[in-house]
Protein chains: 2
Amino acid sequence: MTKRETPDIIIGRLPVYLRALRHMEAQGKGTTSSQELGEQVGISAAQIRKDLSQFGEFGKQGTGYSIAFLIGKLREILKVDRVWDVVVVGMGDMGHAIARYQGFADRGFRISQVFDSDPAKIGERIGSFVVQDTRELGTAIRKADVRIAMLCVPAAAAQQVANQLVEAGVRAILNYAPINLNVPKGVWVQYLDPTVGLQRMTYYLE
Amino acid sequence: MTKRETPDIIIGRLPVYLRALRHMEAQGKGTTSSQELGEQVGISAAQIRKDLSQFGEFGKQGTGYSIAFLIGKLREILKVDRVWDVVVVGMGDMGHAIARYQGFADRGFRISQVFDSDPAKIGERIGSFVVQDTRELGTAIRKADVRIAMLCVPAAAAQQVANQLVEAGVRAILNYAPINLNVPKGVWVQYLDPTVGLQRMTYYLE
DNA sequence: TAGATTGTTAATCGATTAACAATC
DNA sequence: TAGATTGTTAATCGATTAACAATC
C-alpha cells in the first residue's frame, strides 16, 4: 500500500490558484469559494475542490475558503514559503530583462548570480548584479548551493550549459532557449519558448 | 455524426514536435522514427504516432518519417506555413527583449508594431520599430488587421489592455503579465509567467 | 433555522499504452 | 527476403464531472 502520489497535472495548477488568490487578497477580499476561484482561473469548482482535497481540508462548508489561510497552505505545499536562490545564465536581451525583473521577490525566488560567456559582458553591472564568467558557473553554484537556474543562452549553447548546471547540482531549470533539453531523472525543466505559445494558438485562428 | 474534434492537448504537443524536427533537419538528418522523435521530446513513440494519425498518414512502414515532409505537414496543420503579424504592447525590459528577439522570423511570426503608454518611450526606436502610443492601439490594429498580440505590460494594466486588444480584433494573446486574463469565447490566451514555471518545480525539490 | 458550500464518492469521460497486422 | 516501423485497435489507466451527505 504505497502512498498515492499527487499527479503532476494537479501540482501544475496550484501556482495558478496561488497567483489568483494573492490577487484577490491584494484587492482586500477575505474569503472565496471554489466557484469564484474557478471562474477566475477558468477551471471548474469541482476540480478545484478535488485538487485541494489532495492536501487537506482547507475550507468550511457554507462559507468557503479563507484566502490568507489557503495562500499559506499553497505556499507550504509548493515549498515557496521560503526564498530560493536562482542563477541566470545568458545576459542577452532576455537574460537582461529577467535580471532586472522585480516580480520574483514576493513569490519565493531571488536571483543571486548572473553569468555570461562574452568577455565584453563579464564584469558589467546589470541590475544589481555583476556578470560573472560562465566558466565559473560550476564553482559558484556549488559554493552557493543553488538548486534552480534560468537558462537564457542561445539554443546552440543550451544543452551544454544545462549539462554544466546539472553537474553543479542544479535540479530545476527554467528554459527560455527554443530547444528540448535532455536531463537526467531527478532534474526538472519548464519551457518558456514564446513561439511554441504562439503556435499553440494559430491552429484555432482562421 | 459530428466530425471528432482534435483535442487541445494534441495541438499543444505539435509545436514541440515541429521544433524538434527542425532541429534534426538543421543537423542534416533526412528521416526519423516515432521512437527517435519521442526520445528527443520525452514522449512515447505510440503517442506520437497516435497524435500524427489524427491528421493523416505521414510515415512509411519500415522507414519512418521524412523530416522535411513532416515539417511541412505540421506547419500546415498549425497554420504556420504563413507569416502572422504580431503586435507587442508594453516596452519595459521584457517587451524590449521581445521586440529585438530574432527567433520568430522563421517560425511563422513577424512583429509588426510595438506600443507603450509612457510618453518618454513613445517615438523611441527599439530594434527596428518606433514605439507607438498605446492609445492608438485600436486604430492601428484594425487598420493592419492583426490577430495576435504579445502582452508585456504590468499586471495592473494587463486586463484593460487585453480588453482593448480583443475589441480591436485580436484573437490570440501571449501573456507575459503575471495575471489571469478574462477573455470572451473565441479568444485564446497562452501564459508565460516565469514564476509559475518555477513554482511548478519547487514542489519536487528537497 | 435556512442557505451555502465543502469534501468525497461514483460515474463518466478522455488520454495513454500495448500490441500487432500491414507493409515498406 | 528479413527487419523495421507504421497506423490502428482494444485495453488500461487517469482525470474530470456530477451529485449529495455533511456541516458551517
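Of the side-chain N and O atoms in A:Arg49, one or more sit less than 4.0 angstrom from OP1 or OP2 of C:dT6. A:Gln61 has no side-chain polar atom (N or O) that falls below the 4.0 Å cut-off from OP1 or OP2 of D:dA22. At D:dA4, none of the side-chain N or O atoms of B:Tyr65 fall inside 4.0 Å of OP1 or OP2 (strictly under the cut-off). One finds a side-chain N or O of B:Arg13 lying less than 4.0 angstrom from the OP1 or OP2 phosphate oxygen of C:dT16. Phosphate proximity of C:dT17 to B:Ser44: present, with a side-chain N or O under 4.0 Å from OP1 or OP2.
When Watson-Crick and G-U wobble pairs are counted only if both distances are under 3.5 Å, D:dA21 pairs with C:dT6.
Listed here is the closest heavy atom pair of B:Gly186 and B:Arg171: O-CD, 3.3 Å.
Rounded to whole angstrom, the span from the NZ atom of B:Lys60 across to the P atom of D:dT8 amounts to 15 Å. Rounded to whole angstrom, the span from the NZ atom of B:Lys50 across to the P atom of D:dT9 amounts to 9 Å. In this structure, B:Leu52 atom CG and D:dT5 atom P are separated by 16 Å, rounded to whole Å. Computed from coordinates, the A:Gln35 CD to C:dA4 P distance equals 12 Å when rounded to whole Å. Distance CD1 (A:Ile9) to P (D:dT17): 11 Å, rounded to an integer number of Å. Between A:Lys73 atom NZ and C:dT6 atom C1' there is a gap of 17 Å when expressed in whole angstrom units. Per the geometry, CG belonging to B:Leu37 stands 14 Å off C1' belonging to D:dT5, to the nearest Å. Protein atom CD1 of A:Ile48 is 16 Å distant from nucleotide atom C1' of D:dA18, rounded to whole Å.
With a 6.0 Å radius and a threshold of 12 heavy atoms from other residues, nucleotides or ligands, B:Arg100 has its CZ atom at or below the threshold. Residue A:Lys79 places its NZ atom among more than 12 non-hydrogen atoms of other residues, nucleotides or ligands, all under 6.0 Å distant.
For the pair B:Ser33 and A:Gln47, both in contact range of DNA chain D, the more 5′-proximal nearest nucleotide belongs to B:Ser33. A residue-by-residue look at A:Ile10 and A:Gly62 shows that A:Ile10 has its nearest nucleotide of DNA chain D further toward the 5' end. Ranked by how close their nearest DNA chain C nucleotide is to the 5' end, A:Thr63 and A:Ser53 are led by A:Thr63.
Counting only N and O atoms by type, the side chains of A:Asn163 and A:Gln159 include a donor and acceptor under 3.5 Å apart. Between the side chains of B:Gln35 and B:Glu39, at least one donor-acceptor pair of N or O atoms lies under 3.5 Å.
The side chain of A:Ala46 approaches D:dT17 more closely than any other nucleotide in the set D:dA15, D:dT17, D:dT9.
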